[in-house]
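Written below as structure tokens is the structure these notes are about.
Everything quoted here is computed from the prediction, not taken from an experiment.
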Amino acid sequence: MDVQLAAELIERAKAEGVSLVGPDGLLAGITKTLLQAALEAEMAEHLGYDKGERSAQATGNHRNGTSPKTVSTEVGPVQIQVPRDRAGGFEPQIVPKHARRVNGFDESIISLYAKGLTTGEIKAHLAEIYQVEVSKDLISRITDKVVEEMEAWRSRPLDAVYPVVLIDALYVKIREGSVTNRPIYVALGINCAGERDVLGMWVGTGGEGAKHWMTVLAELKNRGVADVCIACCDGLKGLPEAIEEIWPQVTVQQCVVHLVRSSLRYASKAHWSRLTRDLREIYTAPTETAAEQRFAEFENDWGQRYPAVIRLWRDSWTTFVPFLAFPAEIRKVIYTTNAIESLNARFRQATRRRGHFPTEQAALKVLYLVIRSPAKGRTNVTGTTRGWKAALNALSLHYGDRITLN
């Protein structure tokens with residue numbers, strides 16, 4: 001039915017020689033008809049009788065003409081006639097008094113902002129596609145409405161136990177007098193039901209130490225996170241020590257994906273395929289002893305060509321080896337970071353277009369909107385972790401009653 005209706009609308013537009021969108025477009029005409037009908041229905045409900053009928057009771061109130069009004073919609077500007085009543089008590093809901101935009105228009109602007117468009121690009125887009133002139137100031141006010149929602153999200157209560165927490169960093173350009181690269185740290189948690197969620201975001205300077213991380217992790221604990229079984233991170237300075245201070249029973253694990261990726265930075269692309277294959281032999285080893293043996297072979301093959309890769313793995317070895325104590329079901333959850341990798345890809349897409357952000361809040365606002373708007377047909381940060389039941393059984397055996405199911 002929807003496809004048939006869409007086809008009929010397109011054929012009608014072609015036959016009448018009009019466009020689908022724009023102030024004189026077919027969709028604008030349909031939108032105007034629907035809004036007008038809704039306003040008349042609201043007035044009939046307010047008065048107790050339909051237009052053209054007489055009131056069953058003498059209330060002294062009746063229709064008193066209309067007032068013209070142009071509102072912005074998702075298909076372009078639409079001029080409507082807002083009915084009035086003699087008593088002046090009519091309060092329309094679909095197009096409230098003083099409102100110049102109908103529901104959905106603000107969300108369209110927020111959606112464009114979440115995709116990384118600047119206020120200037122959104123202004124140009126609306127003018128080109130819908131022939132709607134909207135000021136940059138208005139666009140900023142609309143997107144600023146998200147800030148209060150974002151702050152509530154950043155302080156919301158969290159679950160008491162997270163079997164797995166992953167902490168990652170994304171670098172964006174923020175203006176502070178001059179434009180500098182600033183890290184934004186993202187904590188992704190997997191709760192006992194296997195549900196993934198972003199627990200928080202924090203803007204750093206790049207020189208964070210244990211004191212900074214104590215503040216960040218204490219915030220998570222104050223929001224209800226009493227225990228974390230496995231914390232997976234990218235060897236950020238001071239972070240492992242802070243994690244162990246906040247949650248003494250935690251297992252701190254070096255992120256294997258980041259460790260492999262960091263290794264490739266020191267190597268020629270011509271060798272990437274062989275390096276990743278040889279590194280896979282290390283992190284898929286059945287035991288720590290086997291991993292050490294395979295690493296020795298790796299060092300023998302690559303040490304002379306890429307000594308920095310060998311040093312990287314030696315420096316990370318103590319936070320890498322906990323991974324080897326886990327069965328395959330747990331290893332897969334820790335290693336497979338598709339959700340956070342997909343999120344980072346969308347983060348980069350949204351931030352790359354903008355060049356730089358004027359403030360920290362502006363950067364966080366865009367990233368929050370990316371989190372809030374799941375992408376269709378793609379792995380998203382929120383959702384249930386694949387293969388979680390097998391991982392849950394293994395986690396329960398490994399960590400006992402620390403894994404609690406509600």
Side-chain angles (χ1 to χ4, degrees), residues 150 153-154 158 162-174 181-191 195-210 212-217 219-220 223 225 228-244 246-247 250-265 283 312 316 319-320 322-323 330-352 357 360 363-364 366-372 374-375 378-383 385-386:
M150 178 182 73
W153 172 82
R154 293 179 71 193
L158 300 173
Y162 285 89
V164 180
V165 170
L166 302 115
I167 299 177
D168 201 9
L170 172 83
Y171 282 83
V172 300
K173 290 180 169 59
I174 298 176
N181 270 332
R182 299 277 300 281
I184 296 183
Y185 301 106
V186 181
L188 169 67
I190 304 176
N191 67 13
E195 296 167 343
R196 303 184 304 270
D197 195 13
V198 175
L199 308 183
M201 295 188 297
W202 303 267
V203 181
T205 62
E208 285 72 31
H212 167 83
W213 287 115
M214 286 287 289
T215 302
V216 168
L217 300 176
E219 177 188 316
L220 292 178
R223 288 167 57 197
V225 184
V228 172
C229 297
I230 303 169
C232 191
C233 57
D234 187 22
L236 297 164
K237 183 180 178 182
L239 179 54
E241 296 81 2
I243 292 174
E244 291 170 345
I246 296 295
W247 299 294
V250 72
T251 302
V252 178
Q253 171 64 49
Q254 170 79 42
C255 177
V256 179
V257 172
H258 284 90
L259 193 54
V260 172
R261 187 177 298 155
S262 297
S263 301
L264 297 181
R265 291 175 185 165
Y283 63 75
L312 174 67
S316 305
T319 52
F320 161 70
F323 178 83
I330 299 178
R331 289 192 191 189
K332 186 176 180 181
V333 172
I334 301 172
Y335 175 77
T336 305
T337 55
N338 288 344
I340 201 164
E341 291 300 310
S342 176
L343 178 66
N344 281 339
R346 293 181 62 206
F347 277 167
R348 286 190 289 270
Q349 185 180 32
T351 57
R352 190 182 299 120
F357 293 91
E360 293 180 6
L364 288 173
V366 168
L367 299 187
Y368 168 70
L369 287 171
V370 171
I371 295 169
R372 196 188 75 162
R378 293 178 60 180
T379 301
N380 286 289
V381 67
T382 55
T385 304
R386 183 177 296 179

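Applying the side-chain contact (heavy atoms from CB on, under 4.5 Å) criterion to K173, with sequence neighbours excluded, gives V179, N181, H356. Qualifying side chain to side chain donor-acceptor pair (under 3.5 Å) partners for R261, counting only residues two or more places apart in sequence or in other chains: E341. Listed by chain and number, the residues in a side-chain contact (heavy atoms from CB on, under 4.5 Å) with E241 amount to none (sequence neighbours excluded). A search for ring pair (Phe, Tyr, Trp, His ring centres under 6.0 Å) contacts involving F357 returns nothing, not counting sequence neighbours. Shown here are the side chain to side chain donor-acceptor pair (under 3.5 Å) partners of E208, two or more places apart in sequence or in another chain: Y185, T205. Residues passing the salt bridge (Lys or Arg N to Asp or Glu O under 4.0 Å) test with R386, sequence neighbours excluded: none. Under the rule for a side chain to side chain donor-acceptor pair (under 3.5 Å), H212 has no partner lying at least two apart in sequence or in another chain. With sequence neighbours left out, the side-chain contact (heavy atoms from CB on, under 4.5 Å) criterion links M214 to A242, E245, I246. Applying the salt bridge (Lys or Arg N to Asp or Glu O under 4.0 Å) criterion to R348, with sequence neighbours excluded, gives no partner residue. Listed by chain and number, the residues in a side chain to side chain donor-acceptor pair (under 3.5 Å) with S263 are W313 (sequence neighbours excluded). By the side-chain contact (heavy atoms from CB on, under 4.5 Å) test, E360 is found to be paired with I174, E176, R182, V203, residues two or more places apart in sequence or in another chain being considered.
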Before you tell me yes or no, could you show the steps for F323 and I330 under side chain to side chain contact (heavy atoms under 4.5 Å, CB included), namely the whole-Å CA-CA distance, both residues' side-chain angles and the distance that decides it to 0.1 Å? CA-CA 9 Å; F323 178 83; I330 299 178; over 6 Å; no
Between L217 and L239, does the side chain to side chain contact (heavy atoms under 4.5 Å, CB included) criterion hold? Intermediate values first, please. CA-CA 9 Å; L217 300 176; L239 179 54; 4.1 Å; yes
Quick one, V186 with V198, criterion side chain to side chain contact (heavy atoms under 4.5 Å, CB included). Give me CA distance, side-chain angles, the key distance, then yes/no. CA-CA 7 Å; V186 181; V198 175; 3.8 Å; yes
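R196 places no side-chain N or O within 3.5 Å of a backbone atom of L188 that could act as its donor or acceptor partner. Judged purely by atom type and a 3.5 angstrom limit, R223 uses its side chain to pair as donor or acceptor with the backbone of R154. When atom types are taken as modelled, the side chain of Q253 and the backbone of F320 share a donor-acceptor pair closer than 3.5 angstrom.
The line from CD of Q254 to OG of S262 is 7.5 Å long, rounded to the nearest 0.5 Å. With rounding to the nearest 0.5 angstrom, the CD1 atom of I243 is 12.0 Å from the CD1 atom of I230. With rounding to the nearest 0.5 angstrom, the CD1 atom of I167 is 7.5 Å from the CG atom of L220. Within the model, atoms OG1 of T215 and CH2 of W202 stand 11.5 Å from one another, a figure rounded to the nearest 0.5 Å. Here I190 contributes atom CD1 and T385 contributes atom OG1; the two are 4.0 Å apart, rounded to the nearest 0.5 Å.
Under the 4.5 Å side-chain criterion, counting only non-hydrogen atoms from C-beta, F347 is not in contact with V366. At least one side-chain heavy atom of V252 sits under 4.5 Å from a side-chain heavy atom of C233.
When every heavy atom of W247 is checked against every heavy atom of V225, the shortest pair comes out as NE1-O, 3.0 Å. Considering every non-hydrogen atom in both G238 and W213, the closest pair reads C-CD1, 3.9 Å. Taking all atoms of both residues into account, the shortest heavy-atom contact from C229 to P163 is CB-O, 3.3 Å. Considering every non-hydrogen atom in both C255 and C232, the closest pair reads CA-SG, 3.5 Å.
Across L367, T351, D168, a single residue satisfies side-chain contact (heavy atoms from CB on, under 4.5 Å) together with I184, and that is L367. In summary, of the residues considered (V260, V257, L259), a side-chain contact (heavy atoms from CB on, under 4.5 Å) with Y283 occurs for V260 alone.
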